Each structure stands twice: as structure tokens, then as C-alpha cells.
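On a predicted model such as this, the values are computed, not experimentally measured, just so you know. Count residues from 1 along the sequence.
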Amino acid sequence: MSEFLVLIARHSYMQHSRYSSVPITLLIVPMDPLAALFTHVTPTAQTFFTGTLCQALQFTGVGHLHMLKAGELRVSRSGEADLEFLEPTLLFFPRGRTHDFAVDSRRGADLVCATVELGGAEGNPIALGLPECVVLPLAEHPALRPVCDLLVGEAFAEGGGRQTALDRLFEYLLILIVRHVIECGVVSTGVLAGLADPRLVKALTAIHEAPKKPWKLEELAEVAGMSRSRFAEHFRKLVGRPPIEYLTVWRITIARQLLGKGKPVKTVAAQVGYDSAAAFSRVFSRVTGHPPRDISQPQ
């Protein structure tokens with residue numbers, strides 16, 4: 001459910017071991033939909049460049065998060081108009097889109113760059129729900145500046161634990177970016193658009209919190225406070241796939257994570273709601289194109 005109840009009771013002890021009346025304050029605390037997501041799918045980052053870039057460079061294959069500190073930077077992508085940046089800016093490419101950097105060779109551009117993984121490989125609904133490229137000039141997003149200042153401070157210093165500090169700061173920025181996309185309605189379809197919807201967020205959070213539960217369409221519609229038909233239509237239109245299909249994809253996303261950590265197929269099957277390893281393997285192979293045992297084996 002999207003809410004849980006917290007009961008706070010205050011007791012006063014009277015003379016002769018008698019209690020006074022016990023007033024109870026009932027608080028409604030909203031559940032955090034991102035917490036449910038990131039409990040199962042953890043974003044990670046690995047910093048690979050800090051300094052002044054003085055030549056053209058191409059990035060491909062994985063997600064990237066770049067912090068431009070200073071200098072002039074031109075970003076090009078196949079089939080798209082070039083982007084030019086002259087001020088501190090965050091650039092996020094969540095799905096490994098190939099992009100090229102060009103700089104003034106005399107001045108260069110001061111950059112901090114990391115590869116990123118949002119968890120669950122290419123089937124991750126978070127990655128699929130994000131725009132192809134997220135551009136966040138710090139002048140327009142002052143809430144990001146304190147973290148970016150810390151990032152730049154670590155990047156251009158030689159303090160102990162520098163690599164770990166940079167990686168953790170980039171991971172924090174990933175969460176802030178996902179939060180920004182949801183709160184600002186940057187995307188119109190996908191799971192992040194669904195999380196921005198006051199009705200669908202309840203059903204999506206329920207799925208994310210309890211992926212092994214054998215959800216039925218009627219139950220999810222009830223959680224969302226909608227009729228079965230209206231819920232199914234609205235969910236498919238906004239999220240991009242039917243509710244039960246989304247549940248399946250979410251289960252497989254979690255399964256990828258667990259299999260990648262070396263968990264046995266039978267154990268993973270039970271953790272994501274399948275009665276047998278055989279049933280899980282059939283669904284996994286249908287969704288991903290290969291059997292689950294391949295995940296833990298070198299490609």
C-alpha cells in the first residue's frame with residue numbers, strides 16, 4: 001500500500017501504580033515509491049575520468065553520467081543536433097547511447113565522468129523510463145549544486161578514499177536525477193511517468209514492494225482506487241504495458257540482480273514469486289531470450 005500507519009502513544013504514570021488515560025496520536029506517513037524501487041534495484045557508478053579533457057572522445061556501450069565543471073563542451077549524437085555547453089552542467093545517458101565529446105584543444109573542458117548501472121541490466125524499468133539524455137544545467141537546478149560541489153572537490157583533490165567517495169556521490173546524483181524526472185513530469189510514458197500519477201503510484205509501489213505476491217488485476221485496481229477496466233487502460237497507456245506484464249518484467253529485473261550475485265535458480269524463482277524453477281526458467285527465457293543459468297556464467 002502507498003501509506004502505512006504509525007502509532008505514537010504517550011503514557012503518564014500516576015501515584016499508586018495507576019495509569020492516566022493514554023492519548024494516542026495517529027500519523028499518516030506516506031510511503032516512498034523510490035525506496036521500493038531501489039530496495040531491489042540498486043544504482044551503481046564507477047568514476048573513470050577526472051581532469052581536463054583536451055581532445056575528442058567517444059563514449060559507448062554503457063550508461064554514463066558526466067559533470068562539466070568549466071570550459072566549452074560540444075556533445076554530438078548520431079541523428080541528433082549537437083549540444084553545446086559553456087556552464088556547469090550534468091549530462092546523463094542512462095542506456096548507453098553513443099555520444100562524442102569535442103572541446104577547445106587550447107582550453108579543454110574540466111570534467112568528472114562515471115559509467116553507471118541502474119541495476120537489472122537492459123530490462124530495468126527505471127532505465128527504460130528515463131529520457132535518452134538528461135541535461136541539467138546547475139544554474140537552473142540549484143538543489144543539485146551542493147552535491148556537485150562535493151563531487152568536484154573530491155575529483156580535483158587527492159584525498160584518501162577519493163575513488164570511493166566519487167562513486168558514492170555519483171550514485172547519490174543518480175537518485176536525485178530519477179527524483180527530478182518524476183517530480184517535474186519530464187517523461188510522459190514509462191514507469192517514472194506512472195510514479196508521477198497519484199493513482200498509479202499506489203499500484204506500482206505495491207508491485208515494487210511485493211513482487212512475489214500473485215497479484216491479480218482486480219487487486220491492483222483496488223489499490224489504485226479505480227475500476228478494473230479503467231485501471232488496465234490507464235496503466236497500459238501511461239506505463240507502456242499491461243499491469244501483469246509489468247509485474248513479470250519487474251520480477252525478471254530483480255531475478256537478474258539475484259542471479260548476478262550467484263543465487264541458485266531455484267532460490268531466485270521462489271524469491272520472485274514462481275512455484276518452481278522450471279516455470280521461472282520458461283518465463284525468464286521468454287522475456288530475456290536466454291535461460292537464467294547464463295546470467296552467472298561468463299559471456
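Atom CG of residue Leu258 and atom OG1 of residue Thr253 lie 11.0 Å apart, to the nearest 0.5 angstrom. Put simply, CZ on Arg179 and CG on Leu195 are 13.5 Å apart, with the number rounded to the nearest 0.5 Å. Atom-to-atom distance recorded for Lys69:NZ and Glu87:CD is 15.5 Å, nearest 0.5 angstrom.
Relative to the six-membered ring of Phe231, Arg199 misses at least one condition, a distance below 6.0 Å or an angle of at most 45° to the axis.
Side chain of Thr89 to backbone of Phe85: no donor-acceptor contact under 3.5 angstrom is found. Ser281 places a side-chain N or O within donor-acceptor distance of the main-chain N or O of Ala277, the cut-off being under 3.5 Å. With Glu219 contributing its side chain and Lys216 its backbone, the two residues share a donor-acceptor pair below 3.5 Å. His99 contributes a side-chain N or O that, together with a main-chain N or O of Arg97, makes up a donor-acceptor pair within less than 3.5 Å. Asp167 places a side-chain N or O within donor-acceptor distance of the main-chain N or O of Thr47, the cut-off being under 3.5 Å. Not one N or O on the side chain of Arg74 forms a donor-acceptor pair closer than 3.5 Å with the backbone of Asp100. With Trp250 contributing its side chain and Leu37 its backbone, the two residues share no donor-acceptor pair below 3.5 Å.
Contact check for Val62 versus Val116: no side-chain heavy atoms found under the 4.5 Å cut-off.
Minimum interatomic distance between Ala127 and Arg95 (heavy atoms only, all atoms of both residues): O-NH1, 2.6 Å.
When the shell of 6.0 Å around CD of Gln46 is examined, it contains 12 or fewer heavy atoms from other residues, nucleotides or ligands. Annotation: Gln55, atom CD; neighbour count of heavy atoms from other residues, nucleotides and ligands within 6.0 Å does not exceed 12. Other residues, nucleotides and ligands contribute more than 12 heavy atoms inside 6.0 Å of the CG atom of Asp82.
Aromatic ring centroids of His66 and Phe92 lie 6.0 Å or more apart.
Note on residues 169-201: pairs passing ring-ring contact (aromatic ring centres under 6.0 Å, His included), not counting sequence neighbours, are His141-His180.
With Val178 as the partner, the side-chain contact (heavy atoms from CB on, under 4.5 Å) test is satisfied by one option alone out of Ile182, Val181, Ile175, Leu174: Ile182.
Remark: Glu171 engages Arg168 in a salt bridge, criterion side-chain N to carboxylate O under 4.0 Å. Arg228 and Glu218 are joined by a salt bridge, as a carboxylate oxygen and a charged side-chain nitrogen come within less than 4.0 angstrom of each other.
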(request) Report the C-alpha separation of Phe93 and His64 in whole Å, then their side-chain angles, then the decisive distance to 0.1 Å, and conclude whether the ring pair (Phe, Tyr, Trp, His ring centres under 6.0 Å) test is met. (result) CA-CA 5 Å; Phe93 295 86; His64 288 90; 7.7 Å; no
